[in-house]
There are 2 protein chains.
Amino acid sequence: MTKEVTHKSDIEIAQEASMKRIEEIAAQLNLTEEDWEPYGRYKAKLSLDLFDKLKTASEGKVVLVTSINPTPAGEGKSTVTVGLGQALNRLGEKAIIALREPSLGPSMGLKGGAAGGGYSQVIPMEDINLHFTGDIHAITTANNALAAFIDNHIHRGNELKIDPRRIVWKRVIDMNDRALRNIVIGLGGPIQGVPREDGFDITVASEVMAIFCLARDLKDLKKKLSRMVVAYTYDNQPVTVSDLKVEGALTLLLKDALRPNLVQTLENTPAIIHGGPFANIAHGCNSIIATKLASKLGDFVVTEAGFGADLGAEKFLNIKSRYGELKPSAVVIVATARALKMHGGVDKTQLSVENIAALAKGMANLEKHIETIQAFGLPFVVGLNRFVSDHDEEVQHILNWCRERNIPVEIADVWLKGGEGGEDLARTVLNIIETQSNAFEPLYTLDQPLEEKIITIAEKVYGAAGVQFSQKALAQLREFEQQGWSSLPVCMAKTQYSLSDDPKKLGRPTEFVISIRELKASIGAGFIVALTGDVMTMPGLPKSPAALNMDVTEDGKAVGLF
Amino acid sequence: MTKEVTHKSDIEIAQEASMKRIEEIAAQLNLTEEDWEPYGRYKAKLSLDLFDKLKTASEGKVVLVTSINPTPAGEGKSTVTVGLGQALNRLGEKAIIALREPSLGPSMGLKGGAAGGGYSQVIPMEDINLHFTGDIHAITTANNALAAFIDNHIHRGNELKIDPRRIVWKRVIDMNDRALRNIVIGLGGPIQGVPREDGFDITVASEVMAIFCLARDLKDLKKKLSRMVVAYTYDNQPVTVSDLKVEGALTLLLKDALRPNLVQTLENTPAIIHGGPFANIAHGCNSIIATKLASKLGDFVVTEAGFGADLGAEKFLNIKSRYGELKPSAVVIVATARALKMHGGVDKTQLSVENIAALAKGMANLEKHIETIQAFGLPFVVGLNRFVSDHDEEVQHILNWCRERNIPVEIADVWLKGGEGGEDLARTVLNIIETQSNAFEPLYTLDQPLEEKIITIAEKVYGAAGVQFSQKALAQLREFEQQGWSSLPVCMAKTQYSLSDDPKKLGRPTEFVISIRELKASIGAGFIVALTGDVMTMPGLPKSPAALNMDVTEDGKAVGLF
């Protein structure tokens, strides 16, 4: 974010906002008191009974916000999502924003808001970025209760004959804590459990989080939880949660969290923030419940998917849309001049220097993501997220590039101007929905073999020349077929920085091969994860964590939180 | 609990309660809207600004509920606390209940409510026993953020020269998970951290929880957090949180949790539930903030301390009262016929058989706790918590035993009858406050050496013949003296089942010696823990955890939770 040219930080802008009480936001949505419960004066949880109540209501149009491959320069996808929602409301449309809940762990490490920025933020941002309504804590608890049940089962006689070397269920924590990546547990003798290798992931990488975001209701949540494969027996047979008989307890731990959270933007546009899985080993989108409910309550839902279109949007369109029976009406592809310059080879220390040549080269990254969205048959517009420090020439270059190709493009000046800065983008979104054809189809059908699904994504979305499967992955493909898991969609775990599986290859790499190292069966969530290269499921802290600058005033105001 | 003779379980009674909305409870306390924030319709967090607002308000009288040494027969201390609060209100007094927040982990393991029982419960009990308002999750997060900061500091160059073998800060989880008691972390090579031995405690055993409950306000919380000793250097010098410069971040993570939680009882008596440290390695009482605020808002505060009078009450009176500048007005010592019979040697399978001889023998346990409360100079009454299955002869024996000795005693029939069943007890509490002298003094002064403080508690509270210090403990005593920590109170970590440090010695053991194995410096909390025997800081799950019977209905109602 270009904080160097503005006088106020995100947190200062957020703390000065004139928030409406949450009952006013609820009233805007025609909700009655039994439809929601307050969590403080500015947050609410919405009742799942609303789905019954709104059974006959028509569904609003879903607008998906995605982006080019992220770079350290920042893309501001959440900021554009919030700004676009605000803009639609300014134009008289009834729009609701649906976003992911930020993970607390990373905010202790690197500075960087997860609630939009500038004058396009969801608020109260302090709460949203700290414990919010406790959903992620509930997911941590359910995940770790299951881990304790597994180890206790083994310790207490191991009736299910679980092989302690084949436990695939990891513990989680909502923290960047590299020391927990690889650990040995159960030490200390016979009354302290059974020693084995283990490790912690960050909570948002948990399959429980993935399920939470794909479940349609409590019953569906329980069904999905019960199917999770947590280990294999000495005979290599899968052991599920239902074998352990704890799906009821896990569902109970998640029952309140499953109700989606209502907040507002700086311009009092309603926002539903719920669930937040990783966009590598999971699908990277807020909950289906949030998106569906927003579409029942509004005429438009503006929602985002994690990372670039190669990861988050691909999964939104191939996985989430399928399980949620969602059909997006349009896609916004966010790009920035700064990020495109990085894709063109500029170092992050040189971003403020005008460099049209590098920008022109970097456009190839945007071009590939445009092709991807076209492959899904969806109307789209490029949203150029304007930074205050952007050079006019560079901005003009991007606009020209698009216009020469008949590609809809609009400047989104939402960081500085809020909804007003997004009105052009909003008008174009409305226009393409109205005028362009929508032939949305996922890129593969479920009856295709897993191998084919992976190759389809690699070739059509990443632009790869092919896919190489490791011996281990090939063996797993056969094994998963025997288990009857072939008809699931695939969830690609790939670096977010590159279209390839090499994070250093920016821009639009060609002639590369995607290497599939290993597969992971997320049977509860309902997908097979294909791991390419090293995928980080537990981040570490930097040398000087952001936490060093955090504080709270004596009257309880947050300091140093973005 | 005697569920065999009633038709309804605690959760059924709780779910049928006619709850008042939390704004009505707040109005009963003359609170205005800025004084509290709702968390759902039946829970609220109270503003810490209330202390300023009520600066000139007089302080209500504090009634402390304690008990004999707990047995598997159950004492029902929380039930009596709730029942007494309800009864005082029925008599026209303005009474508020202050209780600890239950830890979620143990409820997944063993059945047993932590919110009272029968018709003397705090509600909504499902919420209170699950995630409640997230306070314990916030404490877990702060504790583990600190752990991550420590390991990250070492990994990133270890400027403070922390000896990885001398880290005394453990990670925590709100779960019964024995496999995490002894672990090795940081495995996997140079980019995964520095390998070392570690272990998890249950969250309620964290020093952060102890501090949370002793802090007077946000500023005091931060000061106490900054003083925590987390490790020692290679030169054996203490390393504190302020050396790591993360006290601001930790305080930020706890800022919302520090506001106490308002709920109600089944009879709509206000209850403040806040904080819940272990009563062995910590002080076992709800937060000072909760007790103080309740005393500002009501004429009477009924509060409890964990385990028996040898642990919880001793710490309430020697530690919490000192830091909170609290002076209890009266003490209720809870006993049951069943538990006293166990102290007299009856096996728990034989408790329903009348056995006056065993009961007579078991009275010695009650007698010792009475002497302890007398040693503190406090008026008291024995509260005989009636079980529906109690034999009349046994009840009469206890009443006679007390009356022969001029000891105030009343039957508390609060499980079956709610507040009505506690009116006699309430009248006697009011009477002893009115008529008996109160010469309350802690049992030791802060300028006594640590050794003397420990001996005082062992002899005066436990009835020990003496104290034996291990070589390690003796060396630590000298070391702590050099560090300037001698003027802190001591927090005894002893089994709750016996007055001695041997859990098998029930009743009133004599001629025993207390062995001090090791000391632990809780400098942030402001006490030195003296560990006797094995003290459990991470429980395990039983063979058939209660979780196996838990579930949630499709419309979100909890099943099998007590």
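Each chain gets a letter, A, B and so on, in the order the sequences are listed, and its residues count up from 1.
- Contact between V172(A) and S206(A) at its shortest, heavy atoms only, is CG1-CB, 3.9 Å.
- Your options are G193(A), G186(A), G105(A), and the one with the most heavy-atom pairs under 4.5 Å with chain B is G186(A).
- Considering V241(B), L253(B), V230(B), I150(B) in turn, V241(B) is the only one that fulfils the side chain to side chain contact (heavy atoms under 4.5 Å, CB included) rule with V246(B).
- Neither the backbone nor the side chain of E247(B) comes within contact range of chain A, judged by heavy atoms closer than 4.5 Å.
- Interface remark: K543(A) contributes backbone and side-chain atoms alike to the contact with chain B (heavy atom separation under 4.5 Å).
- Judged purely by distance below 3.5 Å, without hydrogens or angles, the side chains of S242(A) and K222(A) never pair a donor atom with an acceptor atom.
- H131(A) touches chain B through its side chain: at least one heavy atom from C-beta onward sits under 4.5 Å away, while N, CA, C and O do not.
- With a 4.5 angstrom heavy-atom cutoff, I173(B) touches chain A only via side-chain atoms.
- Interface summary for chain B: among D127(A), D49(A), T251(A), I183(A), the most heavy-atom pairs under 4.5 angstrom belong to I183(A).
- Residues that satisfy the side-chain hydrogen bond (donor to acceptor under 3.5 Å, both in side chains) test with T203(A), not counting sequence neighbours, are T140(A).
- For P38(A), the parts lying near chain B are the backbone and the side chain together; criterion is any non-hydrogen pair under 4.5 Å.
- Looking at L250(B), neither its backbone nor its side chain comes within 4.5 Å of chain A, counting heavy atoms on both sides.
- For R181(A), the part sitting under 4.5 Å from any heavy atom of chain B is the side chain, from C-beta outward, and nothing else.
- The contact between D151(A) and chain B is made entirely by side chain atoms (from C-beta outward), counting heavy-atom distances below 4.5 Å.
- Residue contact with chain A, scored on non-hydrogen atoms closer than 4.5 Å, involves the side chain of L130(B) exclusively.
- Most heavy-atom pairs under 4.5 Å with chain B, from the set L48(A), T553(A), L218(A), L258(A): that is L218(A).
- Contact detail for A249(B) and A547(A): the closest heavy-atom pair is CB-O, 3.4 Å.
- In terms of heavy-atom pairs under 4.5 angstrom with chain A, the leader among A257(B), S47(B), G189(B), P542(B) is P542(B).
- Looking only at heavy-atom pairs under 4.5 Å with chain A, the residue among L548(B), D555(B), I185(B) that has the most is I185(B).
- Interface remark: H155(B) contributes side-chain atoms only to the contact with chain A (heavy atom separation under 4.5 Å).
- If you measure heavy-atom distances from N176(B) to chain A, the contacts under 4.5 Å come from the backbone alone.
- For I191(A), the part sitting under 4.5 Å from any heavy atom of chain B is the backbone (N, CA, C, O) and nothing else.
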task = Determine, step by step, whether R259(B) and E37(B) satisfy the salt bridge (charged side-chain N to carboxylate O under 4.0 Å, His left out) criterion, reporting the C-alpha distance in whole Å, the side-chain angles of both residues, the deciding distance to 0.1 Å, and the verdict.
result = CA-CA 10 Å; R259(B) 291 180 287 138; E37(B) 280 193 345; 3.3 Å; yes
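- Interface residue F200(B): only side-chain heavy atoms are found under 4.5 Å from chain A.
- For the options M538(B), M175(B), K255(B), Q192(B), heavy-atom pairs under 4.5 Å to chain A are most numerous at Q192(B).
- With a 4.5 Å cut-off on side-chain heavy atoms, E126(B) and I11(B) count as touching.
- To the nearest 0.5 Å, atoms CG (N143(A)) and CH2 (W169(A)) are separated by 4.5 Å.
- Inter-residue side-chain proximity for Y42(B) and V263(B) is flagged as unmet; no heavy-atom pair is nearer than 4.5 Å.
- Heavy-atom pairs under 4.5 Å with chain B were tallied for K557(A), K219(A), H153(A); the largest tally goes to K219(A).
- Formation of a donor-acceptor pair under 3.5 Å by the H137(A) side chain with backbone atoms of G134(B) is not found in this model.
- No other option in M108(A), K45(A), R171(A) has as many heavy-atom pairs under 4.5 Å with chain B as R171(A).
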Criterion salt bridge (charged side-chain N to carboxylate O under 4.0 Å, His left out) on K170(B) and E197(B), from CA distance to verdict = CA-CA 10 Å; K170(B) 290 170 85 175; E197(B) 289 182 55; over 6 Å; no
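- Atom CD1 in I136(A) sits 8.5 Å away from atom CD1 in I202(A) (nearest 0.5 Å).
- The contact between E33(A) and chain B is made by backbone and side chain atoms together, counting heavy-atom distances below 4.5 Å.
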task = List the steps, then state whether side chain to side chain donor-acceptor pair (under 3.5 Å) holds for S107(A) with N129(A).
result = CA-CA 7 Å; S107(A) 52; N129(A) 278 298; 5.5 Å; no
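- For chain A, the option among V194(B), V184(B), D174(B), D256(B) with the highest count of heavy-atom pairs below 4.5 Å is V184(B).
- For a residue to count as touching a neighbouring chain, one of its non-hydrogen atoms must lie under 4.5 Å from one of that chain's; by this rule L221(A) does not touch chain B.
- Using a 4.5 Å cut-off between heavy atoms, L252(A) contacts chain B through both its backbone and its side chain.
- Salt bridge present: K53(B) and D35(B) bring a charged side-chain N and a carboxylate O closer than 4.0 Å.
- Between chain B and the residues R196(A), K245(A), E554(A), the largest count of heavy-atom pairs under 4.5 Å involves E554(A).
- In the model, N261(B) has a side-chain atom that pairs as donor or acceptor with a side-chain atom of T133(B) under 3.5 Å.
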